[in-house]
Structures are given as structure tokens and as C-alpha cells.
Peer 1: 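Take a look at this one; I'll ask things after.
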Amino acid sequence: MDKKKEVNDIEPGPDSSRSVDRFGFIKTEQSNSQEGVLKSRSTHERGREERRIRKWRKMIGTGGSDWKHYCRRNPHVVKRRIRKGIPDCLRGLVWQLISGSRDLLLMNPGVYETLVIYETSTSELEIIRDISRTFPSHVFFQQRHGPGQRSLYNVLKAYSVYDRDVGYVQGMGFIAGLLLLYMSEEDAFWLIVALLKGAVHAPMEGLYQAGLPLVQQYLFQFERLVGEHMPKLGEHFIEEMINPSMYASQWFITVFSYSFPFHITLRVWDAFLYEGIKVVFQVGLALLRFCHDDLLPFCQVKLPFEELLHSLRNFPEEATDPDKLLPLAFSFKVLSHLEELEKEYRKRLEGTNHPTQAQVVSGFSPSNQNLCTGLAARSCPTQMLVKNN
């Protein structure tokens with residue numbers, strides 16, 4: 001009888017009878033059709049893919065030994081190849097190389113182990129509560145208290161101790177989960193450190209600090225970019241009082257790792273880690289361009305508020321093809337304007353060390369100012385950003 005009870009108390013693992021896609025996610029009817037396209041393409045282009053992997057291995061060298069030298073000599077080649085997509089079998093290593101996290105790991109031996117084993121975090125209960133919500137359809141994270149969930153807990157707990165000012169925010173789980181599918185716990189931890197502390201690009205810790213200051217800045221910049229590149233759509237958003245916080249917050253806070261098709265997420269991350277946050281702005285603009293006709297019908301009967309939000313969360317099938325989405329994204333030249341908008345944003349906040357919500361909202365278009373607090377808070381992706389420590 002005791003033996004029977006022990007068996008029944010074992011936590012169930014993933015359902016082995018259900019098939020998974022090539023990334024480890026349990027297949028749905030929609031993902032089955034997408035997987036079929038990807039499988040037929042990989043079969044047709046297998047020889048081409050093998051040649052591409054050989055080129056990448058030569059570029060990287062053994063364990064990344066040739067990477068820095070090759071980047072210095074051939075920066076344009078590296079950029080072009082990364083934009084085309086890093087081979088999946090090399091993605092984890094390349095992400096560490098282009099993010100600067102490999103250097104951080106080598107300079108800090110034993111630090112991660114100390115954070116996990118010997119330190120405590122005030123966010124531990126919140127992390128445990130949220131773990132099952134991170135990629136719940138992926139086999140690695142499905143088993144309660146299984147290896148995937150344990151690794152995710154360790155990485156998030158370690159960072160919450162490493163940077164107590166940031167601590168833990170729910171959206172961080174998706175970034176940690178994505179990285180754990182391609183590298184070890186320690187490697188994932190140092191890549192998060194590289195991103196948030198700015199090992200290569202501008203620091204991103206403001207995405208997760210109290211008040212989410214960097215999210216507010218990015219939303220301000222994004223609204224202005226929409227108005228510049230798609231003025232009619234920007235005007236329509238203002239008329240319908242649609243603010244970027246209602247649809248784009250999670251784009252920035254999770255870098256498209258939340259609720260987007262995984263094959264697109266990976267390609268976005270390839271470019272993002274190499275080129276920086278501008279890629280998120282570019283992809284966001286490309287997504288709006290793809291659904292531009294749906295958002296502004298030719299019949300001049302403009303979509304009402306609810307239908308606009310629905311369209312902004314359900315993109316056309318064409319937008320799920322990274323070979324179409326990303327070239328369009330890279331056609332938007334945003335870097336210099338982003339720098340100008342950042343200066344404008346900071347100028348608006350001069351004279352205060354801790355800008356209030358009202359001060360942040362004042363930077364948005366007048367018709368949206370009253371909605372930034374109330375309506376944005378009702379958006380499910382925005383609720384995900386609430387700080388938990």
C-alpha cells in the first residue's frame with residue numbers, strides 16, 4: 001500500500017504520446033502545418049544547410065577561438081550571415097560570443113555557483129509561482145520540479161541576488177527560458193547579465209527596474225517612429241486612442257519571446273544580440289506594416305478600437321515568415337532617429353531623478369495621455385510586466 005502511494009505521488013512528466021516540433025514544443029494543428037513546411041524545406045535544402053554550417057564553423061573556430069578575429073576582418077559578412085539566421089546547432093555558442101557573455105563567464109569563475117547555492121533571494125516565492133507559466137507547452141519545462149523548471153528557477157534566483165535593484169520581474173522568465181533551450185544554466189545567467197548590464201550594447205536593466213523606465217522610453221520612441229514611417233496609421237491610432245503600451249510592451253520586455261512563433265523569435269534574437277535593441281523597433285514596425293491594410297481598410301471605414309487591438313495581436317500569416325518579415329524590418333532605418341528621440345525623451349524628464357507615470361505619459365500624443373495608465377493596465381501583456389520584488 002505504501003509502495004502504491006509512492007507511485008501516485010510522483011509528479012507527472014510530459015505526455016510522451018503527443019508529438020513535438022523540432023524545437024521541443026507540443027504540436028498543435030497550426031504548428032503541424034508550419035512544421036510540415038519547415039521540414040519539406042529542410043529536406044530540399046539539406047545540402048545547402050550543411051554547407052552553411054561548414055562556413056559558420058570555419059568563421060567561429062574551435063570553441064569560438066577565431067570569432068573575434070573574423071569579426072574584425074569581415075564585419076559586413078558577419079552581419080549578413082547573422083541576419084540570414086545562425087544555424088540552430090551553433091546558435092547557443094554564437095549567442096554567447098556576440099553578446100559578450102562568454103568573456104563574463106571566463107572572468108567570473110565560481111560566481112554563479114555561489115549565487116545559486118549560498119545566497120537567498122526575496123523573490124524566491126514569486127519565481128516558484130511563475131515558473132510553470134514559462135513556455136508551458138515545451139517538453140523541457142512541462143514537468144513540475146523537473147530539470148527544466150529547476151534550471152529556470154536557479155537562473156532567475158541567481159540574477160535576483162546578483163542585481164538586487166532589479167530583482168525579479170515575471171517577463172524575465174521567458175528570456176531565461178529561451179536561453180536555457182540553447183545553453184547551460186551558467187551560460188544563460190551570464191548572457192542575461194551581459195544584456196542587462198550592457199556588455200556590448202546599451203544596458204537594458206531599465207526594462208525591469210521599478211517603474212519600468214526603459215519600457216516607457218521605448219514606447220515613447222516607438223509611437224514617434226510609427227508616426228514617422230506610417231503617418232496615416234499613426235493618426236488613426238491617435239484618433240482611436242491606441243497607445244503602444246496596449247500592444248508593444250511585451251515586444252520589448254521579452255524581446256518577442258512571449259507569444260510569438262518560436263522560429264521567428266530565434267531569428268529576431270540572432271539579429272538583436274548582434275545589433276542591439278534597434279532590431280526590436282524594426283521588427284515592430286515591420287509587423288505594423290504587414291497588417292497596415294487591415295488596420296486602414298481601403299473603404300475608408302476605419303476599424304474601431306476593439307478590432308484594432310485584435311488586429312495588433314493577430315498578424316497575417318505572411319508576417320510569420322522570417323524570410324519576409326526580417327528583410328522588411330531591416331529596411332526601416334531607425335538608429336539615428338532613436339538617438340534623437342532618446343535625447344528628446346530625457347530632456348522632457350530633466351530635473352527629476354525618478355520620473356512619475358504622469359511625466360512619462362506627457363511625452364505621448366495628447367489623445368493617448370489619459371489612456372496610458374488606465375487602458376494599458378488592462379492589457380494582459382502589460383500586466384505581465386508588474387514587478388514582483
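Values in this document were obtained by computation on a predicted structure and should not be read as measured data. Heads up: numbering here begins at 1 and tracks the sequence.
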Peer 1: Angle between ring planes, F25 versus H138, binned at 30° and 60°: parallel, tilted or perpendicular?
Peer 2: perpendicular
Peer 1: Side chains of Y112 and E185: is there a donor and an acceptor less than 3.5 Å apart?
Peer 2: yes
Peer 1: Between I53 and L90, which heavy-atom pair has the shortest distance, and what is it?
Peer 2: O-CD1, 4.2 Å
Peer 1: Is it true that R346 and E342 have a side-chain N and a carboxylate O under 4.0 angstrom from each other?
Peer 2: yes
Peer 1: Verify, without hydrogens or angle tests, whether R267 (side chain) and K84 (backbone) share a donor-acceptor contact under 3.5 angstrom.
Peer 2: yes
Peer 1: Within the distance-only criterion (no hydrogens, no angle test), does the side chain of T265 pair as donor or acceptor with the backbone N or O of F256 below 3.5 angstrom?
Peer 2: yes
Peer 1: Any heavy-atom pair between the side chains of L285 and E228 that's under 4.5 Å?
Peer 2: no
Peer 1: Report the distance from atom OH of Y247 to atom CZ of F237, rounding to the nearest 0.5 Å.
Peer 2: 4.5 Å
Peer 1: Answer whether the closest heavy-atom distance between the side chains of R150 and P147 falls below 4.5 Å.
Peer 2: yes
Peer 1: Is there a salt bridge (Lys or Arg N to Asp or Glu O under 4.0 Å) between E49 and R52 once you walk through the steps?
Peer 2: CA-CA 5 Å; E49 180 67 12; R52 192 168 74 97; 3.0 Å; yes
Peer 1: When you look at S249 and L219, which way does the side-chain contact (heavy atoms from CB on, under 4.5 Å) test go after all the steps?
Peer 2: CA-CA 7 Å; S249 295; L219 295 177; 3.8 Å; yes
Peer 1: Quick check: closest heavy atoms across L115 and F189, and the distance to 0.1 Å?
Peer 2: CD1-CZ, 3.5 Å
Peer 1: Ignoring hydrogens and angles, tell me if any N or O in the side chain of N74 forms a donor-acceptor pair with the backbone of V77 under 3.5 Å.
Peer 2: no
Peer 1: In terms of ring plane angle, is the pair W251 and F222 parallel, tilted or perpendicular, where the classes change at 30° and 60°?
Peer 2: perpendicular
Peer 1: Does D187 come within less than 4.0 Å of R102, counting only side-chain N to carboxylate O?
Peer 2: no
Peer 1: Any donor and acceptor pair, going by atom type alone, linking the side chain of K278 with main-chain N or O of L338 inside 3.5 Å?
Peer 2: no
Peer 1: Look up atom CG in D130 and atom OH in Y153, then write down how far apart they are to the nearest 0.5 Å.
Peer 2: 12.5 Å
Peer 1: Contact between V169 and L207 at the side-chain level, heavy atoms closer than 4.5 Å - yes or no?
Peer 2: no
Peer 1: Side chains of S160 and S123 only: does a donor on one sit below 3.5 Å from an acceptor on the other?
Peer 2: no
Peer 1: Apply side-chain contact (heavy atoms from CB on, under 4.5 Å) to the pair Q149 and S132, showing each step before the final yes or no.
Peer 2: CA-CA 7 Å; Q149 291 195 4; S132 61; 4.3 Å; yes
Peer 1: Report yes or no: do I192 and M107 belong to one cluster of Ile/Leu/Val/Met/Phe/Trp/Tyr joined by side chain heavy-atom distances under 4.5 Å?
Peer 2: yes
Peer 1: Kindly indicate, with the supporting measurements, whether the criterion side-chain contact (heavy atoms from CB on, under 4.5 Å) is fulfilled by H236 and E240.
Peer 2: CA-CA 6 Å; H236 187 31; E240 294 295 334; 3.6 Å; yes
Peer 1: Can you tell me how far apart OG (S99) and CG (L191) are? Round to the nearest 0.5 Å.
Peer 2: 3.5 Å
Peer 1: Compare every heavy atom of A176 with every heavy atom of L152, then report the nearest pair and how far apart it is.
Peer 2: CD1-CB, 3.6 Å
Peer 1: Answer with yes or no after comparing the ring centroid distance for W269 and F272 against a 6.0 Å cut-off, counting only values under it.
Peer 2: yes
Peer 1: How many angstroms lie between atom CH2 of W67 and atom CG of L97, to the nearest 0.5 angstrom?
Peer 2: 6.5 Å
Peer 1: Just one of H337, H229, E344 clears the side-chain hydrogen bond (donor to acceptor under 3.5 Å, both in side chains) bar with R224, so which one?
Peer 2: E344
Peer 1: Run K197 and D163 through salt bridge (Lys or Arg N to Asp or Glu O under 4.0 Å) and show every step you take.
Peer 2: CA-CA 10 Å; K197 295 301 182 182; D163 187 348; 2.7 Å; yes
Peer 1: Could you tell me whether D270 and R91 have a side-chain N and a carboxylate O separated by less than 4.0 Å?
Peer 2: yes
Peer 1: Side-chain heavy atoms nearer than 4.5 Å, only ILVMFWY residues, links allowed to pass through others: does that put L328 and L335 together?
Peer 2: no
Peer 1: Can you tell me how the ring of Y159 sits relative to the ring of Y162, calling it parallel under 30°, perpendicular over 60° and tilted otherwise?
Peer 2: tilted
Peer 1: Between K27 and V20, is the side-chain contact (heavy atoms from CB on, under 4.5 Å) condition met? List the steps.
Peer 2: CA-CA 5 Å; K27 289 184 180 179; V20 299; 5.5 Å; no
Peer 1: Quick one: does F290's side chain get under 4.5 Å of K324's, heavy atoms only?
Peer 2: yes
Peer 1: How are the rings of F281 and Y218 set relative to one another: parallel (under 30°), tilted (30 to 60°) or perpendicular (over 60°)?
Peer 2: perpendicular
Peer 1: At their closest point, which heavy atom of S259 faces which heavy atom of Q250, and how far apart are they?
Peer 2: OG-NE2, 3.6 Å
Peer 1: In terms of side-chain geometry, is the basic nitrogen of R46 or E50 positioned less than 4.0 Å from the acidic oxygen of its partner?
Peer 2: no
Peer 1: Quick check: closest heavy atoms across H263 and T320, and the distance to 0.1 Å?
Peer 2: NE2-O, 2.8 Å
Peer 1: Closest heavy-atom contact between Y208 and I253?
Peer 2: OH-O, 2.8 Å
Peer 1: Report the distance from atom CD1 of I131 to atom CZ of R133, rounding to the nearest 0.5 Å.
Peer 2: 11.5 Å
Peer 1: Could you check whether any side-chain heavy atom of L325 comes within less than 4.5 Å of a side-chain heavy atom of I264, counting everything from C-beta outward?
Peer 2: yes
Peer 1: Between the main-chain N or O of F332 and the side-chain N or O of Q282, is there a donor-acceptor pair closer than 3.5 Å?
Peer 2: yes
Peer 1: Given 3.5 Å as the limit, does a donor-acceptor pair link the side chain of K68 with the main chain of S65, or not?
Peer 2: no
Peer 1: Quick one: do E275 and R83 make a salt bridge, cutoff under 4.0 Å?
Peer 2: yes
Peer 1: Got a donor-acceptor contact below 3.5 angstrom from the H201 side chain to the L195 backbone?
Peer 2: no
Peer 1: Can we say D88 and R22 salt-bridge, meaning some charged N sits less than 4.0 Å from an Asp/Glu carboxylate O?
Peer 2: no
Peer 1: When hydrophobic residues are tied together by side-chain contacts of less than 4.5 Å, even through go-betweens, does W95 share a cluster with V200?
Peer 2: no
Peer 1: Rounded to the nearest 0.5 Å, how far apart are CZ of F140 and OG of S151?
Peer 2: 4.5 Å
